Amino acid sequence: MRKNIVAGNWKMNTTLPEGVALAKAVNAALCGVTPKCDVIIAVPFTHLAPVNDVIDNSKLGLGAENCADHRSGAYTGEVSAPMVASTGAKYVILGHSERRQYYGETSEILKEKVNLALENGLTPIFCIGEVLEERENGTFFDVVKAQIEEALFDLSAEDFSKLILAYEPVWAIGTGKTATDDQAEEMHAYIRGVIEGKYGNEVAENTSILYGGSCKPSNAKALFAKPNVDGGLIGGASLDAESFMGIVTAFE
Ligand code: PEP
């Protein structure tokens, strides 16, 4: 059966001391509770190894927010999947809309990143989602389907089964404007159908599909109650241990 997951995406926030303190606070809040979901924090590259040292990996998974589309070599400033894995991180966010929008990440590039992440034992949290114009002009299903097909459908069923997907309508990210739980459920069910069409029912049913976009303690419960919403990818609200825990504990 697929897992429920709540994953924080810290983006480019927190200095190293601040990040270590935040990780410690989340880790401490998880001690003594048994959440009904896996909990992950995705942190800046500089924070990976020090954060890994202060968390209990059996309670809190660690991920990067990106990795390079090359294994190694003359790519100044890049951080490879093997480097990420060597810190103890187990996850990597790939295809976030901010990477697609500001850094020109295409499906071709993302395909390479997904392959390298999997080769290095990292679980990709692969983001998909339409922009406002596509929501308004009604092309959102086609857009999301193309994002999945182009970057992921060359994978074997075995490799595809290792992925976590995150549906993040771009118009809802950091805007305070959340998709309604019905809009999220509609898209998640659609995505599961797209996966089923390619890999069959078992793979589709076992794929965790997270919702991302202004998710907070006040709306998480309604979103997570939907049958095809398996948790959340959380930006802003993951920067405060209390609000992040308010989302972690939203699973009934
Ligand atoms: C995100 O960036 O993945 C995200 C969902 O951000 P926010 O929760 O701040 O909308």
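For reference, positions follow the sequence shown, starting with 1. Read the numbers this way: they start at 1 and go in the same order the structure lists the ligands and their atoms. What you are looking at is a predicted structure, and each value in this text was computed from that prediction instead of being measured.
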* Asked: Does E65 come within less than 4.0 Å of K11, counting only side-chain N to carboxylate O?
  -> no
* Are the charged groups of K59 and D38 less than 4.0 angstrom apart, N to O? -> no
* To do: Tell me, please: is A237 in heavy-atom contact with ligand 1, that is, under 4.0 Å?
  => no
* Asked: Which atoms of ligand 1 have any heavy atom of H96 under 4.0 Å away?
  -> 1 (C), 2 (O), 3 (O)
* Is the shortest distance from a Lys or Arg side-chain nitrogen in D142 or K145 to a carboxylate oxygen in the other one below 4.0 Å? -> no
* Structure fact -> Looking only at non-hydrogen atoms, the one of E168, E65, K11 nearest atom 3 (O) of ligand 1 is E168
* Using a strict 4.0 Å threshold on nitrogen-to-oxygen distance, state whether E105 and R99 make a salt bridge. => yes
* Asked: Would you call the rings of Y190 and F141 parallel, tilted or perpendicular if under 30° counts as parallel and over 60° as perpendicular?
  -> tilted
* **Closest protein heavy atom to atom 8 (O) of ligand 1, given as residue, atom name and distance to 0.1 Å** => G235 N, 2.9 Å
* To do: For ligand 1, note which part of A172 has a heavy atom under 4.0 Å away: side chain, backbone, both or neither.
  => backbone
* Asked: Based purely on interatomic distance, does G174 place a nitrogen or oxygen under 3.5 Å from a nitrogen or oxygen of ligand 1?
  -> yes
* Please check if the distance between the ring centroids of Y199 and F153 is under 6.0 Å. => yes
* Does any N or O atom in L233 lie less than 3.5 angstrom from one in ligand 1, N or O only? -> no
* Asked: Hey, is K111 close enough to E150 for a salt bridge, meaning N to O under 4.0 Å?
  -> no
* For ligand 1, note which part of N9 has a heavy atom under 4.0 Å away: side chain, backbone, both or neither. => side chain
* Structure fact -> Numbered in order shown, the ligand 1 atoms found under 4.0 Å of a heavy atom of G212 are 5 (C)
* Asked: Mind checking whether L165 and L210 sit in one hydrophobic cluster, side chains of I, L, V, M, F, W, Y counted as touching below 4.5 Å?
  -> no
* Asked: Against heavy atoms of G213, which atoms of ligand 1 measure under 4.0 Å?
  -> 5 (C), 10 (O)
* If you count the atoms of ligand 1 from 1 in the order shown, which ones are under 4.0 Å from a heavy atom of G236? -> 7 (P), 8 (O), 9 (O)
